[in-house]
Amino acid sequence: MLNLVLFGPPGAGKGTQAIFLKEEYGLIHLSTGDLLRSRIAEGTALGIEAKQYMDKGELAPDNIVIGMIRNTLKKYPDAQGFIFDGFPRTVPQAQALDEMLNKNNVPILGMLSLEVEKEELIKRLLNRAQISGRVDDQNQAVIKNRINVYNEKTFPLIEYYKSQNKFYAINGMGTVEDISRRLKEVVDQF
Ligand code: ADP
């Protein structure tokens, strides 16, 4: 099973490249941001709780996100593989994911980390703010907080995957096609 983690700071282009990987390799794309936003749109209790964190640029609690991933994985017993986008975002989330996957002998094969210069990230986020309609894209202070939260809680995952020899840095600058090609070069080795 081709299980991949797509990693990178907000604005790195994970969502865009996840669509490429999904089509190229026939995978299921699991974005916790998208899953949470659909819970919010449905008005579920989980959505209402998560929204309080998301609107401020904070992370939703681990137990909420881990439970959501666990339930979603069960819906695809015949999947050829998953692209995890925006998950894991904390070390406890990564440990929980490993536990879920290793139990079934379908581990993560690689963590693909999109590396983008800071100035470019901010440019992309401001650009996306014009079109996404997302509350957390509209406010500079919230964007800044998301980047701080990334540096503090999510960046340490690089070490987590390095220690398992699963870390792959991908240059995330250039055209969408350039970046897709670089990802493919790595994924084709798995
Ligand atoms: P981006 O990566 O551009 O910030 P996402 O759609 O991945 O966008 O995430 C939006 C928000 O959803 C995050 O700021 C956070 O509040 C929440 N979220 C998404 N994934 C997770 C996660 N794995 N753990 C906790 N919160 C999450």
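We use all heavy atoms of the structure for the numbers below, so side chains are in, but hydrogens, waters and symmetry mates are not. In each ligand, atom 1 is the first atom listed, and ligand 1 is the first ligand listed.
- At least one N/O-N/O distance between Arg128 and ligand 1 falls below 3.5 Å.
- Scanning the protein heavy atoms around atom 8 (O) of ligand 1, the nearest turns out to be Arg134 NH2, 3.1 Å.
- When heavy-atom distances to ligand 1 are checked against a 4.0 Å cut-off, Val65 comes that close only through its side chain, counted from C-beta outward.
- Of all the atoms in ligand 1, the ones that sit under 4.0 Å from a non-hydrogen atom of Arg37 are 6 (O), 10 (C).
- For atom 15 (C) of ligand 1, the nearest protein heavy atom (residue, atom name, distance) is Glu58 O, 3.5 Å.
- With hydrogens and angles disregarded, a donor-acceptor distance shorter than 3.5 Å links the side chain of Arg182 to the backbone of Asn171.
- Taking the ring centre of Phe167 as origin, the terminal cationic atom of Lys162 falls inside the region bounded by 6.0 Å and 45° from the ring axis.
- Contact atoms of ligand 1 toward Lys14: 2 (O) (distance under 4.0 Å to a heavy atom of the residue).
- The protein non-hydrogen atom at the shortest distance from atom 26 (N) of ligand 1 is Ala60 N, 3.0 Å.
- Looking at atom 20 (N) of ligand 1, its nearest protein heavy atom turns out to be Thr32 OG1, 2.8 Å.
- Between Leu36 and ligand 1, a contact under 3.5 Å exists for no N or O pair.
- Looking only at heavy atoms of the protein, atom 12 (O) of ligand 1 is closest to Met54 CE, 3.3 Å.
- Aromatic pair Phe190/Tyr25: centroids not less than 6.0 angstrom apart.
- A donor-acceptor contact shorter than 3.5 Å links the side chain of Asn3 to the backbone of Val106.
- Looking at Asn145, its side chain does come within 3.5 Å of a backbone N or O of Lys56 through a donor-acceptor pair.
- Counting non-hydrogen atoms of other residues, nucleotides and ligands closer than 6.0 Å to NZ of Lys22 gives a total of 12 or fewer.
- At least one N or O atom of Arg146, backbone or side chain, sits closer than 3.5 Å to an N or O atom of ligand 1.
- Ranking protein heavy atoms by distance to atom 24 (N) of ligand 1, first place goes to Gln93 NE2, 2.9 Å.
- Within a 6.0 Å radius of CD in Gln140, no more than 12 heavy atoms belonging to other residues, nucleotides or ligands are found.
- The closest protein non-hydrogen atom to atom 7 (O) of ligand 1 is Arg89 NH1, 3.2 Å.
- Between the side chain of Asn127 and the backbone N or O of Lys123 there is no donor-acceptor pair closer than 3.5 Å.
- Neither the backbone nor the side chain of Asp85 comes within contact range of ligand 1; no heavy atom lies under 4.0 Å.
- Under the 3.5 Å distance criterion, the side-chain polar atoms of Gln17 are left unmatched by any main-chain donor or acceptor of Gly13.
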